[in-house]
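Pasting a structure below so you can have a look.
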Amino acid sequence: MKNQEIAKIFYEIAYFLEMEDVKFKPYAYEKAALTLEGLERDVEEIYKKEGFEGLRKIPGIGESIAKKIEEYLKTGKIQYYEEYKKKYPINLDELMGIEGLGPKRMKILYEKLGITNLKELEEAAKAHKIAPLYGFGEKTEKNILEAIEFAKRSKGRFLLGDILPIVKEVYEKLKSLKEVERIDAVGSIRRMKETIGDVDFLVISKNPKPIMDFFVSLPGVIKVWGKGNTKASVRMKEGFDMDIRVLPRRSYGAALQYFTGSKEHNIALRKIAIQKGLKLSEYGLFKGAEMIAGESEEEIYEKLGMDWIPPELREDRGEIEAALKHKLPKIIDY
DNA sequence: TTGACGTCGCATACCC
DNA sequence: GGGGATGCGA
DNA sequence: GTCAA
């Protein structure tokens with residue numbers, strides 16, 4: 001199955017293009033990569049049976065990207081990618097995962113300091129070579145060092161079973177605050193995925209300040225990434241991150257829907273909205289400037305002509321088609 | 001052939 | 001110290 | 001670079 005190998009190359013091409021500030025091509029390559037990853041069929045098999053035209057039928061894959069897939073299947077390489085690797089001989093496997101370090105700053109680090117891997121990045125940061133660079137500073141240098149420590153220890157995803165007890169405890173504490181009118185844990189934790197990247201809480205409140213203060217000083221918080229009036233983010237001692245957002249009641253359902261995801265599910269929903277002449281965002285479902293749904297998830301799905309979809313099914317793997325036909329499978333409850 | 005491709009909060013560095 | 005710009009993450 | 005208008 002070559003899908004994953006090719007997807008990885010496309011992600012890296014997207015990163016190279018972002019380094020050069022090319023507009024929108026990164027988006028195209030990322031979309032193609034994402035499609036390949038989620039594809040049931042093996043591209044090699046598609047190509048054998050249906051040839052170039054078969055590849056072109058895959059959504060998000062046009063003339064140019066199909067050619068590159070063909071080239072990879074025939075030769076095991078993609079010239080376009082090889083040239084970028086030559087131009088920027090960087091270990092993206094290691095460096096793409098460093099939080100807070102994106103393509104723009106990576107380019108500067110490579111060009112000014114010749115940094116190509118994690119080890120070199122760490123040495124440069126420890127020797128205080130990074131802070132004086134244009135666009136960097138003391139704070140950024142320190143953040144990079146912390147991000148390296150984190151990347152070394154974990155791969156950034158956590159088992160649901162490991163963090164669920166901690167999240168439940170935090171949830172109960174927040175819920176007991178008098179300023180909290182409602183609270184939900186969303187994201188992959190609400191979808192009950194086996195692995196969780198980070199934890200998201202949504203809150204309704206008219207007085208967010210005390211909630212934010214409480215949140216960033218919870219026991220187990222080892223770092224505050226940021227804290228404002230509507231949004232805060234922390235790292236827990238177990239190594240995972242938690243975010244909290246405060247929202248108005250009128251758009252809470254839309255936010256629940258949006259932040260529960262998955263990303264693929266949301267993209268598919270937005271498309272349905274557009275087909276109906278509507279616009280779906282984290283703020284609500286709109287007909288022109290008028291909000292026609294937003295306070296509850298149920299009304300959003302209803303106005304889109306479908307049954308409410310349980311979070312566990314929201315992966316854009318057929319659940320939307322089923323909900324439009326009102327033929328969702330029942331989830332076994334216990 | 002041409003326009004859209006999400007958008008926003010936060011932190012940070014830069015400029016005045 | 002304030003204010004618009006940029007990078008990043010979501 | 002891809003899609004849809």
Side-chain angles (χ1 to χ4, degrees), chain A residues 10-11 13-36 55-69 78 80-81 95-109 130-144 146-147 150 156 186-189 196-202 208 212 216 223-235 241-247 251 254-255 257-264 266-271 273-275 277 279-284 286:
Chain A
F10 287 168
Y11 281 125
I13 289 176
Y15 194 93
F16 287 132
L17 291 165
E18 283 192 68
M19 284 171 71
E20 307 205 324
D21 205 19
V22 177
K23 303 297 180 194
F24 301 110
K25 283 195 194 181
Y27 169 86
Y29 276 96
E30 263 166 34
K31 224 173 65 176
L34 205 60
T35 308
L36 283 182
L55 297 177
R56 286 239 29 197
K57 280 191 209 134
I58 304 168
I61 292 173
E63 183 78 24
S64 172
I65 292 185
K67 264 190 197 154
K68 291 181 175 70
I69 295 175
I78 296 172
Y80 184 66
Y81 171 63
L95 294 168
M96 273 203 302
I98 303 297
E99 297 166 272
L101 183 60
K104 300 286 157 50
R105 287 177 171 163
M106 189 57 238
K107 179 161 189 270
I108 296 173
L109 290 175
I130 291 179
L133 293 177
Y134 187 89
F136 292 79
E138 293 294 331
K139 187 97 184 173
T140 311
E141 186 174 87
K142 231 170 111 202
N143 282 339
I144 286 175
E146 283 176 19
F150 179 65
V186 293
S188 50
I189 208 164
I196 307 295
D198 60 5
V199 178
D200 277 294
F201 290 106
L202 299 187
M212 300 318 220
V216 301
K223 172 148 187 85
V224 179
W225 292 117
K227 172 170 168 284
N229 274 331
T230 62
K231 197 176 138 187
S233 176
V234 298
R235 160 119 343 129
D241 289 346
M242 298 199 304
D243 294 347
I244 190 167
R245 290 161 210 274
V246 177
L247 301 143
S251 60
Q257 195 289 310
Y258 177 79
F259 287 108
T260 296
S262 65
K263 196 171 177 183
E264 291 73 25
N266 288 352
I267 290 170
L269 273 198
R270 272 214 296 272
K271 266 196 201 132
I274 291 167
Q275 283 169 9
K279 190 166 171 305
L280 178 64
S281 74
E282 63 184 288
Y283 306 108
F286 294 88

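The chains referred to below are lettered A, B, ... by the order of the sequence lines, with proteins before strands, and numbering in each begins at 1. Every heavy atom of this structure was used, including side-chain atoms; hydrogens, water molecules and symmetry mates were not.
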Taking pairing as Watson-Crick or G-U wobble with both contacts under 3.5 Å, can you name the mate of B:dA13, or confirm there isn't one?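 Pair assignment: B:dA13 / none.
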Restricting to nitrogen or oxygen on both sides, can you table the protein-nucleotides 2-4 of chain B pairs closer than 3.5 Å?
none

Any Lys/Arg nitrogen of A:D243 or A:K231 sitting under 4.0 Å from an Asp/Glu carboxylate oxygen of the other? no
Ignoring hydrogens, what is the shortest heavy-atom contact between A:M19 and A:K107? Give both atom names and the distance.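 In terms of heavy atoms, the two residues are closest at O-CD, 3.0 Å.
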Is there a side-chain contact between A:T230 and the phosphate of B:dC10, meaning an N or O under 4.0 Å from OP1 or OP2?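 Result: yes.
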Provide the closest heavy-atom pair for A:P26 versus A:L17 in the form atom of the first, atom of the second, distance. CG-CB, 3.8 Å
Using whole Å, what does the distance between atom P of nucleotide D:dC3 and atom CD1 of A:I267 come to?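 After rounding, the gap between these two atoms is 14 Å.
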Within the 4.0 Å heavy-atom criterion, would you say A:K142 contacts the bases, only the backbone, or no part of the nucleic acid?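 It contacts nothing in the nucleic acid.
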Could you state the CD-P distance from A:Q275 to D:dC3, rounded to the nearest angstrom?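 Between P of D:dC3 and CD of A:Q275: 16 Å.
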Base, sugar-phosphate, or nothing for A:E141, non-hydrogen atoms under 4.0 angstrom? nothing
For A:E63, which contact category applies under a 4.0 Å heavy-atom criterion: base, sugar-phosphate, or nothing?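 Since only primed, P, OP1 and OP2 atoms lie under 4.0 Å of A:E63, the category is sugar-phosphate.
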How are the rings of A:Y29 and A:F10 set to each other: parallel, tilted or perpendicular (split at 30° and 60°)? perpendicular
Looking only at atom P, what distance separates B:dC5 and C:dC8, rounded to whole Å?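 Roughly 23 Å separates the two P atoms.
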Give me the distance, rounded to whole Å, that separates C:dA10 from B:dA4 when you measure between the P atoms they each carry. 28 Å
Does the side chain of A:L34 come within less than 4.5 Å of A:Y11's, by heavy atoms? yes
Measuring from the side chain of A:R56 (C-beta onward, heavy atoms only), which nucleotide among D:dC3, B:dG6, D:dT2 has the closest atom?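 Within the option list, the nearest is D:dC3.
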Mind checking the P distance from B:dG6 to D:dC3? Whole angstroms is fine.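 The same atom, P, in both gives a distance of 15 Å.
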Any side-chain heavy-atom pair of A:I98 and A:M106 under 4.5 Å: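 No, side chains not in contact.
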For A:K67 and D:dT2, what is the distance between atoms NZ and C1' respectively, to the nearest whole Å?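 Going from NZ in A:K67 over to C1' in D:dT2 covers 14 Å.
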Whole-Å C1' distance, C:dG1 and B:dT12: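 Going atom to atom, C1' in each nucleotide, I get 15 Å.
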In this structure, how many angstroms lie between the P atom of D:dG1 and the CD atom of A:E18, rounded? 15 Å
Base contacts versus sugar-phosphate-only contacts with protein, heavy atoms under 4.0 Å: please encode nucleotides 2-10 of chain C as B, S and - from 5' to 3'. -----SSSS
Given B:dG9, is OP1 or OP2 found less than 4.0 Å from the side-chain N or O atoms of A:N229? no
List the atom of A:I61, the atom of A:A66, and the distance in Å for their closest heavy-atom pair.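 Smallest interatomic distance, heavy atoms only, reads CG2-N, 3.7 Å.
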Rounded interatomic separation in angstrom, taking CD1 from A:I58 and P from D:dC3: 10 Å
Measure from the side-chain heavy atoms of A:T140 and tell me the nearest of B:dC10, B:dT12, D:dT2. B:dT12
Stacking between A:F24 and B:dC5, defined as ring centres under 5.5 angstrom apart with planes under 30°, is that present or not?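 So A:F24 counts as stacking on the base.
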Go through the structure and list residues passing side-chain hydrogen bond (donor to acceptor under 3.5 Å, both in side chains) with A:K227, not counting sequence neighbours. A:D213
Could you tell me which nucleotide pairs with C:dG4 by Watson-Crick or G-U wobble geometry, both distances under 3.5 Å, or answer none if nothing does? none
Students often get this wrong, so: under 4.0 angstrom with heavy atoms, is A:P59 touching a base, only sugar-phosphate, or nothing? sugar-phosphate
Over all heavy atoms of both residues, which pair between A:I130 and A:E141 is shortest? Give the atoms and the distance, please.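 A:I130 and A:E141 have their closest heavy atoms at N-OE2, 3.1 Å.
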Nearest-Å distance, CD1 (A:I13) to P (D:dT2)? 11 Å
Taking every non-hydrogen atom, the tightest pair across A:N266 and A:Y258: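 Looking at all heavy atoms of both residues, the shortest contact is ND2-O, 2.8 Å.
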To the nearest Å, give me how far apart CD1 (A:I130) and P (B:dT12) are. 16 Å
For A:K227, report the nucleic acid contact type (base, sugar-phosphate, nothing); a contact means any heavy atom under 4.0 Å. sugar-phosphate
In whole Å, I'd like the distance from the CD1 atom of A:I274 to the C1' atom of D:dC3.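 Going from CD1 in A:I274 over to C1' in D:dC3 covers 12 Å.
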Stepwise salt bridge (charged side-chain N to carboxylate O under 4.0 Å, His left out) test for A:R56 and A:E63: CA-CA 7 Å; A:R56 286 239 29 197; A:E63 183 78 24; 3.4 Å; yes
